[in-house]
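Proteins get letters first, then strands, A, B, ... in listed order; numbering begins at 1 in each. All values below come from the heavy atoms of this structure, side chains included, with hydrogens, waters and symmetry mates left out.
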Protein chains: 2
Amino acid sequence: MAKTADDTIAVRISKVLADRIISGAIEPGARLRQDHIAEEFQTSHVPVREAFRRLEAQGLAIGEPRRGVRVAAFDLGEVREVAEMRAALEVLALRHAAPHLTAAILNLAEEATKAGDKSRDVRSWEEANRTFHRLILAPCGMPRLITTIDDLHAASARFLFAAWRSEWEIRTDQDHRAILSALRQGNIESAAATLGRHVQWIGQKPVKTASGKMREAFAIVG
Amino acid sequence: MAKTADDTIAVRISKVLADRIISGAIEPGARLRQDHIAEEFQTSHVPVREAFRRLEAQGLAIGEPRRGVRVAAFDLGEVREVAEMRAALEVLALRHAAPHLTAAILNLAEEATKAGDKSRDVRSWEEANRTFHRLILAPCGMPRLITTIDDLHAASARFLFAAWRSEWEIRTDQDHRAILSALRQGNIESAAATLGRHVQWIGQKPVKTASGKMREAFAIVG
DNA sequence: AACAACAAAATTATCTATAATTTTAAACCA
DNA sequence: TGGTTTAAAATTATAGATAATTTTGTTGTT
């Protein structure tokens with residue numbers, strides 16, 4: 001991840017914690033204890049508290065007054081909610097980005113798609129997927145929209161890792177190719193429609209919980 | 001405003017500051033100095049810093065490491081951006097809320113519309129307008145979506161107050177009535193389409209700046 | 001008068017310490 | 001045994017103090 005040295009300590013802590021929450025290293029519902037984290041990062045708890053506020057804003061943690069902060073839990077409803085929000089906002093972003101897309105950008109996006117198809121683990125697949133979406137949406141020139149979409153992507157990745165933690169199978173991404181093809185032909189509406197459907201595709205898989213039981217797990221796969 | 005006494009001090013401060021920024025009491029670009037604010041609220045600066053992080057997340061303030069926090073500036077591009085994001089997300093919320101809307105809720109929404117038509121100042125008009133939107137969208141059962149829309153409403157209100165600070169003229173809200181009528185008839189698609197158009201309507205007016213010059217001001221009016 | 005270098009003041013970011021609250025555990029009684 | 005009250009420990013939230021950085025003001029020089 002980005003380790004910009006001139007960041008404030010609070011930002012650095014929030015990035016590390018965000019990565020842990022997204023990757024599933026910290027369980028949903030787990031308490032985040034400020035003194036412990038402060039000790040781990042060799043700081044006082046003041047920057048830790050500021051990091052907490054940042055995580056809350058991203059929807060990765062939930063704080064209750066006087067009783068601390070815990071990792072946000074999530075259920076199928078939230079997976080669906082994030083998927084629908086992404087669909088609505090990414091379609092909006094694509095419509096604005098499309099006029100500014102160059103052949104060079106589309107080629108980079110194609111590279112990202114290939115990298116995704118070749119990846120052997122969820123983590124690298126997710127990164128390639130995120131790169132693809134970021135590449136074709138960034139030129140929209142709407143910073144607030146991009147920030148919101150980024151937070152939703154983080155949530156999506158979290159659901160994905162939770163569902164596919166152990167096993168993982170390769171899928172070649174036809175949707176990405178269809179989107180690129182439509183964009184190259186200048187068919188923005190078709191690209192937007194495919195993107196909207198693509199993001200709302202929700203994968204589903206049985207996984208074992210910590211207690212050894214089987215349950216259905218769901219994740220946004222796109 | 002809500003003065004929930006059991007809130008943490010940081011939350012209380014952030015609410016007061018948010019209100020000042022939205023109402024225009026603090027100018028865009030103005031620096032927020034933590035020690036001064038801490039003194040005003042009779043606290044130390046630690047809760048003030050946490051309030052700053054919260055304001056940043058809402059897009060109302062911008063912080064740069066080691067050089068403090070300032071009130072977010074905005075231009076026509078951002079007004080448009082917020083309007084489009086609201087259109088996309090409120091339409092999504094309405095589609096999910098519609099099946100759960102009761103006659104009682106729609107009547108309350110009609111009351112809010114009437115209150116808006118009768119209001120003599122921007123502030124009360126904005127409040128009535130926000131109530132209308134909140135009433136018909138809240139039953140969607142998507143908390144993250146509602147939170148995001150609320151932040152966008154705050155931004156909208158900010159633009160509105162900046163544009164119409166001094167003068168204000170009454171407009172009866174035909175869009176709200178059309179939306180209610182469509183919802184009562186169960187015509188969700190028509191209601192959603194009208195809502196989408198409604199939120200994207202951007203008002204425009206010449207206002208005088210602090211330096212006495214005239215400039216064009218723009219605001220989301222819906 | 002304009003510009004640069006330097007010094008002083010103000011401000012931010014962080015640390016250490018204290019007060020208040022909640023959680024955990026234990027003891028006690030029905 | 002089970003539930004309730006009480007006490008102890010842990011944890012959160014805030015205050016006060018310190019170090020580091022930026023901003024501001026002043027002086028000197030061309």
Please list all pairs passing the ring pair (Phe, Tyr, Trp, His ring centres under 6.0 Å) test where one or both residues lie in residues 130-157 of chain A, with sequence neighbours left out.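 Sorted result for residues 130-157 of chain A: A/F132-A/H176, A/H133-A/H153, A/H133-A/H176, A/H133-A/H198.
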Please collect all ring pair (Phe, Tyr, Trp, His ring centres under 6.0 Å) contacts where either partner lies in residues 8-38 of chain A, sequence neighbours excluded, each pair once.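 Every candidate ring pair (Phe, Tyr, Trp, His ring centres under 6.0 Å) pair involving residues 8-38 of chain A fails, so no pair, neighbours aside, qualifies.
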Rounded to whole Å, how long is the line connecting atom CZ of B/R70 with atom C1' of D/dT23?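 Interatomic distance, CZ of B/R70 to C1' of D/dT23: 12 Å.
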Enumerate donor-acceptor pairs with a distance under 3.5 Å from any side-chain N or O in residues 67-80 of chain A to protein atoms, sequence neighbours excluded.
| residue | atom | partner | partner atom | Å |
| --- | --- | --- | --- | --- |
| A/R70 | NH1 | A/G29 | O | 2.7 |
| A/D75 | OD1 | A/G77 | N | 3.1 |
| A/D75 | OD1 | A/E78 | N | 3.0 |

Taking side chain to side chain donor-acceptor pair (under 3.5 Å) as the cut-off, I'd like each qualifying pair that reaches into residues 37-51 of chain A, sequence neighbours left out, listed once.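 Qualifying pairs: A/R20-A/E40, A/Q34-A/R49, A/R49-B/E50, A/E50-B/R49, A/E50-B/R53.
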For nucleotides 5-20 of chain D, read 5' to 3', which letter fits each nucleotide if B means a protein heavy atom sits under 4.0 Å from the base, S means only the sugar-phosphate is that close, and - means neither? ------SBBBB-B---
What salt bridge (charged side-chain N to carboxylate O under 4.0 Å, His left out) pairs are there with at least one residue in residues 88-100 of chain B, not counting sequence neighbours?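 Output for this query lists B/R86-B/E90, B/R95-B/E189.
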